[in-house]
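Here, residue 1 is the first one in the sequence, and each next residue gets the next number.
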Amino acid sequence: MKANVITFPGSNCDKDIGSILANEFQADVHYVWHKESFDNRPDLVVLPGGFSFGDYLRCGAMAKYSPCMKSVDEHRKRGGFVLGICNGFQILTEAGYLPGALLHNRSLKYVCKDVDLLPDKQNQVTAGLSSQALSIPIAHGEGAYFADEETLKRLEGDSLVAFRYAENPNGSLHDIAGITDAKGKILGMMPHPERAMNPYTGKMDGKAIFESIFKNL
């Protein structure tokens, strides 16, 4: 598997996700600076967590104009898989690859803790996951998923909700923690599965999420 991890100014989880993909899943990982383009035809493109462009304006609102996003868009149009985690999810919505937006947490406070994440069995990316809750960390100040009623109805009707929070930590509508596009080739999620991949701490629930994604590459 070939994976490209995009690094924006402010990304701080690029090496985390890259090392997990390389060391735990033997992926051929390439790090791509946001000003660069790529044409190596990866199987997976990752927009990692972090604080792109220092979190100025809306998170990800500037990142979507980075030159590398042209290559990401070409990858998307070829049917390649795109995974956006936390800030990466925000970029996916700002770029228009996924509907809705991520707003400030209802508490207006930064939230950093483990949450119970419930996979949706009807979604094509998460259908193979156990219905048992997965313990996955979150760390964000702008993670409240928002969309208009028509969009929410489509997400629910077309089974595009991938993950929900067991106990909503940020005010996301419909408890949404992650969604996919209609083809199941773009996944955006606020929790960090790469932070639940450490056998020394015993937190390994992220492994099932990555394995589920790889089945859909």
Side-chain angles (χ1 to χ4, degrees), residues 45-47 49 51-53 55-65 69 72-73 76-77 79 81-134 136-193 209 212-213 216:
V45 168
V46 180
L47 307 183
F51 301 93
S52 60
F53 294 92
D55 257 2
Y56 298 116
L57 303 176
R58 298 184 306 272
C59 295
M62 297 175 73
K64 71 175 182 179
Y65 293 108
M69 291 302 289
V72 175
D73 194 50
R76 176 182 70 93
K77 290 177 178 176
F81 201 102
V82 182
L83 169 63
I85 300 172
C86 197
N87 189 208
F89 185 14
Q90 295 158 347
I91 295 171
L92 288 175
T93 59
E94 294 286 356
Y97 295 171
L98 291 174
L102 282 307
L103 307 182
H104 283 287
N105 299 340
R106 292 288 179 89
S107 64
L108 300 181
K109 295 180 179 178
Y110 189 88
V111 179
C112 181
K113 65 179 184 178
D114 293 342
V115 298
D116 283 342
L117 199 60
L118 301 173
D120 192 308
K121 299 290 289 183
Q122 302 303 314
N123 181 272
Q124 56 186 310
V125 175
T126 55
L129 286 169
S130 167
S131 56
Q132 186 175 356
L134 301 168
I136 305 292
I138 59 170
H140 57 249
E142 297 179 5
Y145 183 78
F146 176 84
D148 59 33
E149 284 299 324
E150 182 178 348
T151 299
L152 289 169
K153 186 177 181 179
R154 181 168 60 85
L155 291 173
E156 298 287 359
D158 293 345
S159 300
L160 302 182
V161 177
F163 297 104
R164 300 178 200 272
Y165 298 108
E167 294 184 8
N168 196 330
N170 51 32
S172 289
L173 298 181
H174 291 210
D175 300 325
I176 288 174
I179 60 174
T180 64
D181 71 328
K183 295 180 179 179
K185 289 293 186 179
I186 302 175
L187 168 62
M189 59 187 297
M190 288 309 297
H192 288 261
I209 294 176
S212 182
I213 291 170
N216 288 275

**Request:** Evaluate side chain to side chain donor-acceptor pair (under 3.5 Å) for Asp73 paired with Tyr97, printing each intermediate quantity in order.
**Result:** CA-CA 9 Å; Asp73 194 50; Tyr97 295 171; 3.1 Å; yes
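- Within the 4.5 Å cutoff, the side chain of Leu155 has heavy atoms near those of the Tyr145 side chain.
- The shortest non-hydrogen separation linking Lys121 to Ala127 is NZ-O, 3.0 Å.
- The side-chain heavy atoms of Ile179 and Phe89, taken from C-beta on, include a pair separated by under 4.5 Å.
- Taking a 6.0 Å sphere around NZ of Lys183, one finds it holds 12 or fewer heavy atoms contributed by other residues, nucleotides or ligands.
- Listed here is the closest heavy atom pair of Pro193 and Ile136: N-CG2, 3.8 Å.
- Across Leu134 and Pro119, no two heavy atoms sit closer than the pair CD1-CG, 4.0 Å.
- A donor-acceptor pair under 3.5 Å is formed between the side chain of Gln124 and the backbone N or O of Ala182.
- The OG atom of Ser52 lies 12.0 Å from the NZ atom of Lys64; values are rounded to the nearest 0.5 Å.
- Using a distance-only test at 3.5 Å, with no hydrogens or angles considered, no donor-acceptor pair links the side chain of Thr93 to the main chain of Leu98.
- Of the possible donor and acceptor atoms, one in the side chain of Asp181 sits under 3.5 Å from a partner among the backbone N and O of Gly184.
- Side chains of Ile176 and Leu152 form a contact here, defined as non-hydrogen atoms less than 4.5 Å apart.
- Scanning all heavy atoms of the two residues, the minimum distance from Val115 to Pro169 falls at CG1-CG, 4.3 Å.
- Interatomic distance, Glu142 CD to Tyr110 OH, rounded to the nearest 0.5 Å: 11.0 Å.
- The side-chain heavy atoms of Tyr165 and Met190, taken from C-beta on, include a pair separated by under 4.5 Å.
- In this structure, CD1 on Ile186 lies 11.0 Å from CG on Leu160, to the nearest 0.5 angstrom.
- To the nearest 0.5 Å, atom CZ of residue Arg58 and atom CD1 of residue Ile91 are 12.5 Å apart.
- Remark: the backbone N or O of Phe81 is not paired with any side-chain donor or acceptor of Lys185 at under 3.5 angstrom.
- In this structure, Met189 and Leu117 have side chains that are in contact, with non-hydrogen atoms separated by less than 4.5 Å.
- You'll find the side chain of Arg164 reaches within 4.5 Å of the side chain of Asp120, heavy atoms only.
- Rounded to the nearest 0.5 angstrom, Leu92 CG and Leu83 CG are separated by 8.0 Å.
- Heavy-atom neighbours of His174 NE2 from other residues, nucleotides or ligands within 6.0 Å: above the threshold of 12.
- Side-chain contact between His140 and Leu102 is absent, with no heavy-atom pair separated by less than 4.5 Å.
- With hydrogens and angles ignored, the 3.5 Å screen pairs a side-chain donor or acceptor of Asn123 with a backbone N or O of Ser159.
- Counting all heavy atoms, side chain and backbone alike, Leu118 lies closest to Ser131 at CD2-O, 4.4 Å.
- Looking only at side-chain heavy atoms (C-beta outward), Val111 and Asn170 stay at 4.5 Å or farther from each other.
- Rounding to the nearest 0.5 angstrom, the gap separating the CG atom in Asp116 from the CG atom in Asp114 is 8.5 Å.
- Taking each heavy atom of Ser172 and Gly143 in turn, the nearest pair found is OG-O, 3.1 Å.
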